[in-house]
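Below is one structure; the comments refer to it alone.
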Number of protein chains: 2
Amino acid sequence: MREVVKAMKALSDETRLRILNLLLERECCVCEVMQALEISQTRASRNLSMLHDAGFLRMRKDGLWSLYSIDQEGMDDYFADLVEAVKKSLEGNELAVLDRKRLRKAERVGPGCVRKLAG
Amino acid sequence: MREVVKAMKALSDETRLRILNLLLERECCVCEVMQALEISQTRASRNLSMLHDAGFLRMRKDGLWSLYSIDQEGMDDYFADLVEAVKKSLEGNELAVLDRKRLRKAERVGPGCVRKLAG
DNA sequence: AACCTATAAGCGAAGATGCGCATATAAGCG
DNA sequence: CGCTTATATGCGCATCTTCGCTTATAGGTT
């Protein structure tokens with residue numbers, strides 16, 4: 001039961017729903033998520049971790065990058081239903097569409113580029 | 001999106017998952033829920049309200065009683081998937097089984113009986 | 001009307017959550 | 001090795017949640 005509550009809690013946050021929306025498109029690194037959602041590195045990293053801890057995501061390392069993706073195979077049975085529900089619920093959502101659009105333009109470079117933009 | 005988050009929040013609490021588990025059996029009044037889950041009246045009422053506000057439940061009045069049930073027809077499309085996921089996730093769960101068992105013994109009388117038992 | 005009873009709602013305390021800032025860790029490169 | 005970059009994490013604060021206590025509301029009974 002604790003696990004189920006944890007899974008639901010993981011989904012009960014706008015940032016994390018938006019992240020899941022991105023990962024339904026493709027595997028992402030932290031910096032792509034922060035670019036697409038226009039959020040801080042801390043926020044992107046923390047929320048990806050939470051989704052991972054809850055059991056929704058798979059994570060692999062590639063050099064400096066942490067690549068997260070939806071763990072289709074490893075997920076418990078009902079997790080798939082939850083992801084499906086999230087997918088349905090976000091269909092046509094304005095923000096979700098915009099996020100996906102920005103993801104297409106995002107590059108696999110990290111917060112360094114943000115710093116450059118800042119000054 | 002706000003609505004989706006609200007729905008997920010409604011499901012991210014053990015008490016509310018247990019309530020949903022009961023309502024998957026049958027329509028219940030507040031006092032039956034408090035008896036089956038062995039929780040306070042306030043707690044039963046509040047959490048039923050939250051599930052109702054989120055859009056999962058239907059409520060009808062019958063005299064003094066408020067009768068809650070899962071709103072199969074009125075629910076948005078993806079809500080059904082969520083309820084299904086909850087159902088799957090609780091299958092075989094010890095506490096969920098016990099709650100259903102106690103529900104069978106519960107009577108449609110309110111906290112008054114609790115007061116009698118107490119004093 | 002006076003009095004039960006079932007449920008809802010205001011209030012405040014304890015705990016949980018989200019996030020920015022600063023810092024740590026770790027991989028890659030000169 | 002020292003520097004840069006991508007990501008993770010400790011800390012503190014503001015906010016939100018949950019829940020019990022108490023009181024309000026409203027239907028029912030006598």
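Letters A, B, ... mirror the listed sequences (proteins, then strands); counts begin at 1.
One atom, NZ of A/Lys61, and another, P of D/dT5, lie 17 Å apart when rounded to the nearest Å. Separating the NZ atom of A/Lys6 from the P atom of C/dT17 is a distance of 10 Å, rounded to the nearest angstrom. Separating the CE atom of B/Met59 from the P atom of C/dT7 is a distance of 10 Å, rounded to the nearest angstrom. At whole-Å resolution of the value, CG in A/Asp53 and P in D/dT9 are 9 Å apart. Spacing between atom CG of A/Leu37 and atom P of C/dC19 amounts to 11 Å, rounded to whole angstrom units. Atom-to-atom, CE of A/Met34 to C1' of D/dT7 comes out at 10 Å; the value is rounded to the nearest Å. Atom-to-atom, CZ of B/Arg43 to P of D/dT18 comes out at 10 Å; the value is rounded to the nearest Å.
Residue pairs satisfying the ring-ring contact (aromatic ring centres under 6.0 Å, His included) criterion with at least one member in residues 20-62 of chain A, sequence neighbours excluded, are listed as follows: A/Phe56-A/Phe79. Within the structure, salt bridge (Lys or Arg N to Asp or Glu O under 4.0 Å) pairs that include any residue of residues 40-54 of chain B do not occur (at least two apart or interchain). For residues 5-27 of chain A, there are no ring-ring contact (aromatic ring centres under 6.0 Å, His included) pairs, not counting sequence neighbours.
Residues of residues 8-21 of chain B having a heavy atom closer than 4.0 Å to DNA chain D, listed by number: B/Lys9, B/Asp13, B/Thr15, B/Arg16. A heavy atom closer than 4.0 Å to some atom of DNA chain C occurs in B/Ser45, B/Arg46, these being the qualifying members of residues 45-52 of chain B.
Look at A/Ser66 and you'll find a side-chain N or O under 4.0 angstrom from OP1 or OP2 of D/dA8. Close to D/dA8, at under 4.0 Å from its OP1 or OP2, lies a side-chain N or O of A/Tyr68.
Note that the two end axes of the helix from C/dA1-D/dT30 to C/dG30-D/dC1 enclose an angle of 20°, each drawn from 5 base pairs, rounded to 10 degrees.
In this structure, the side-chain hydrogen bond (donor to acceptor under 3.5 Å, both in side chains) partners of B/Glu38, at least two apart in sequence or on a different chain, are B/Arg102. Under the salt bridge (charged side-chain N to carboxylate O under 4.0 Å, His left out) criterion, B/Glu25 pairs with B/Arg100, not counting sequence neighbours. Residues passing the ring pair (Phe, Tyr, Trp, His ring centres under 6.0 Å) test with B/Tyr78, sequence neighbours excluded: none. For B/Glu14, the salt bridge (charged side-chain N to carboxylate O under 4.0 Å, His left out) partners are A/Arg2, not counting sequence neighbours. By the salt bridge (charged side-chain N to carboxylate O under 4.0 Å, His left out) test, A/Arg60 pairs with A/Glu27, sequence neighbours left out.
When each of D/dC19, D/dT9, C/dA6 is scored by its nearest atom to the side-chain atoms of B/Trp65, the top-ranked nucleotide is C/dA6.
B/Ser66 has its side chain within reach of B/Lys61: a pair of non-hydrogen atoms, C-beta onward, lies under 4.5 Å apart. Looking only at side-chain heavy atoms (C-beta outward), B/Leu37 and B/Val33 come within less than 4.5 Å of each other. Between B/Leu11 and A/Ser12 there is no side-chain heavy-atom pair separated by less than 4.5 Å.
A salt bridge does not link A/Glu32 with A/Arg104: none of the charged nitrogens is closer than 4.0 Å to a carboxylate oxygen.
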Give me the distances for all protein-to-nucleotides 26-30 of chain D N/O pairs that come in under 3.5 Å?
none

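To the nearest 0.5 angstrom, A/Lys101 atom NZ is 12.5 Å from A/Leu95 atom CG.
Within the 4.0 angstrom heavy-atom criterion, only backbone atoms of the sugar-phosphate kind lie near A/Ser40; the bases stay farther away.
The cluster map of Ile, Leu, Val, Met, Phe, Trp and Tyr, joined by side-chain heavy atoms under 4.5 Å apart, puts A/Met75 and A/Leu20 in the same cluster.
Interface remark: the B/Gln41 side chain does form a donor-acceptor pair with the C/dA8 base, using a distance-only criterion of under 3.5 Å.
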